Amino acid sequence: MAKTNRRDVLRYGAAGAVTAATAVVAGQELASADPPPGLDGVTSQVPGLKDTLDGLKAPLDPRDFDEIFKGKKIRGLHGLRGRNELMINNRRLALTEIETLFVPADGSPPYVGTGWISALNHYDPVEVDTRRNREGLRKLARKVVDVLGDSELAPSAAQEHGH
Amino acid sequence: MAVRKSISAMSGAEKTAFINALRQLKTTAVNGRNYNWYIDQHVTFFSRTADNISHAHQAPSFFPWHREYLRLLEIDLQTVSGNTDIFIPYWDWTGGASPFTADFLGSITNGSVSSGNFSPAWGWSLYRSSIQTPFLQRRVGQNASRPSAATVSAVQSWQVYDQSPWNSTVSNSYRNRNEIELHNRVHNYVGGHMATREAPNDPAFWLHHCNIDRLWWLWQTSRGIDTYQPRTGFTSGVIDNDETMRPFAAGRTPSAVRDINSLGYSYA
C-alpha cells in the first residue's frame, strides 16, 4: 500500500484509509483465530493511519470549511501546493487557476491577480488567498450553488482542464 | 450573402426560421457537423491543446476563432434548413431589446427553461452539461449586470489589438479588454448555462458572440482590417497571423478571416 498522508486522505476521501483498515482486518482473520481488532488495533499497524484519521477531524487550514449553504453541503480545502478542492453535496468540482486582469465593477483601478475558475464559473474567476480574499473559496462555492439552483453537479464538472 | 441584423430589427418570420434551424441542426448533421459538434469544440478548445496553444479564449485568436466558428454555424443553419437567407442575429445587450421572449429564445430567465422555446418539450436537449438537469438554465441579471454603452465605448477605444504576454493579464489590449469587460460579463449576466464551459447549449451564445464579432469588425473598420497581432513569427503558445486555428480546416488563419466582406456576411 502506498504511503498515505493526511492530505491524500482529505483529497480522495476516507475510502483509502478504510481500504487499508479492511485489508489489515482481513489479513488478521486469515492469520489467526483471534477476533479482529477494533479500529485502534488497525491504526497501530498501518504507519501514518492514525494521523490521517486525526486529520479528518480538524481542518488543516483555518480557511477550510464544511457547511450548508442554501440546502447544499459545501466543503472547501485549501491545498498545500496551490491546489484548492471543492465538493458540493459530495460531488467534486474541478478548479483551474489562472492569472488574469480583474476590472472591478465599482470603477476602481484594474489589477492583475490569480483567479480560480471551474466549469460553472468559467468566465468569472474568483480570487483565493490568505489575506484580502481569504474567503474566496467559500465565495466561489456559493456562486456555484447559485448557478446550480435545484440541480446537482454533473460528473463532467469534475474533469480537469488546463488554461 | 447573409446580412446579420440586430434582434430588434428581426421579423417574426426571421426569428422562427432561425430557431427552427437550430433545432433541426440538433438532430441532423450537415457538412459533417451537427449542433453538438459546436459544443464539443467550445469545450475542447477552451483548454490549451497538447501543443500548449490557447485557441479560443484568453489569447489573441479569441476574435478570429469565434468569427470562423460563427461563420460555420451560419452555413450549417442555411444548409440544414435549405434557406440561404438565414443569418445569425446580433444582440446589442446595451439596448432595450431582449432575446428572451416567448416567440424567440424562450421567456424564462430565472431557472429552468421547462416550457416554451428551447425546453425539452419544444425539442431542445442539453449536451455535456456540467449541471445535472434536462433543462436549459438561465439566471439573467443575478450574478452580473450588462455592460453599458459607455463601457462599450471605453473598450472600443483601446488602440493596441493585443500584446505580450498574449493572455488574460494584458491591460493595454483591445482583445483582452473586450474579452473580459464585455464578453465575460455578458456570459455572467445571462448566467445558468451561459456561465459554463458548455455555454453554446444556450442559443443566446450565438447572439452574444455575433455582437462581439460586430464590435471587433467596427474596431477593425476604424483601426485597420489587417491589424491582428502577433504577426507571422514563432510566438509560442499563441496563434500567429498565418497559423491555422484548430479545429478549423487548413488555411483558416486569423489573416484568412480578417475581412468579413470575403466571408459572405455583413452587419446591418
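What you see is a predicted model; the values in this text were computed from it and never measured. Chain naming here is simple, since letters A, B, ... match the order of the sequence lines and numbering starts at 1 in each.
- Contact of the B/Thr133 side chain with the A/Glu152 side chain is not registered, since no non-hydrogen atoms from C-beta on lie closer than 4.5 Å.
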Quiz item: Where do A/Leu101 and B/Thr169 land on the side chain to side chain contact (heavy atoms under 4.5 Å, CB included) test, with the steps shown first?
Solution: CA-CA 5 Å; A/Leu101 185 71; B/Thr169 69; 5.6 Å; no
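- When all heavy atoms of A/Ile98 and B/Gln58 are compared, the pair lying nearest together is CD1-NE2, 3.9 Å.
- A donor-acceptor pair under 3.5 Å links the side-chain atoms of B/Ser168 to the main chain of A/Glu99, judged by distance alone.
- Contacts of B/His193 with chain A are absent, with no heavy-atom separation under 4.5 Å from either backbone or side chain.
- Interface check for chain A: of the options B/Gln142, B/Glu181, B/Gln137, the most heavy-atom pairs under 4.5 Å are formed by B/Glu181.
- Residues A/Pro110 and B/Arg177 form a side-chain contact, since some pair of their non-hydrogen atoms from C-beta on lies under 4.5 Å apart.
- You'll find the side chain of A/Thr100 reaches within 4.5 Å of the side chain of B/Ile180, heavy atoms only.
- More than 12 heavy-atom neighbours from other residues, nucleotides or ligands sit within 6.0 angstrom of NZ on A/Lys73.
- Inspection of the B/Asn143 and A/Asp146 side chains reveals no N or O donor paired with an N or O acceptor under 3.5 Å.
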Exercise. Start with the C-alpha distance between B/Ile131 and A/Leu153, add both sets of side-chain angles, then the distance that settles side chain to side chain contact (heavy atoms under 4.5 Å, CB included), and finish with yes or no.
Key: CA-CA 5 Å; B/Ile131 307 169; A/Leu153 288 177; over 6 Å; no
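- Interatomic distance, CZ of B/Arg197 versus CD of A/Gln159, reported as 6.0 Å (0.5 Å rounding).
- Contact annotation for A/Val147: both backbone and side-chain heavy atoms come within less than 4.5 Å of a heavy atom of chain B.
- No other option in B/Ser145, B/Ala195, B/Gly111, B/Gly192 has as many heavy-atom pairs under 4.5 Å with chain A as B/Ala195.
- With contacts defined as side-chain heavy-atom distances shorter than 4.5 Å, the pair B/Gln132/A/Arg91 qualifies.
- Between B/Ser129 and A/Ser156, the closest heavy-atom pair is O-OG, 3.2 Å.
- B/Val170 touches chain A through its backbone: at least one of N, CA, C or O sits under 4.5 Å from a heavy atom, while the side chain does not.
- Between B/His42 and A/Tyr123, the ring-plane angle classifies as tilted under the 30° and 60° cut-offs.
- Within 6.0 Å of CG on A/Asp66 lie more than 12 heavy atoms contributed by other residues, nucleotides or ligands.
- With a 4.5 Å cut-off on side-chain heavy atoms, B/Asn188 and A/Asp124 count as touching.
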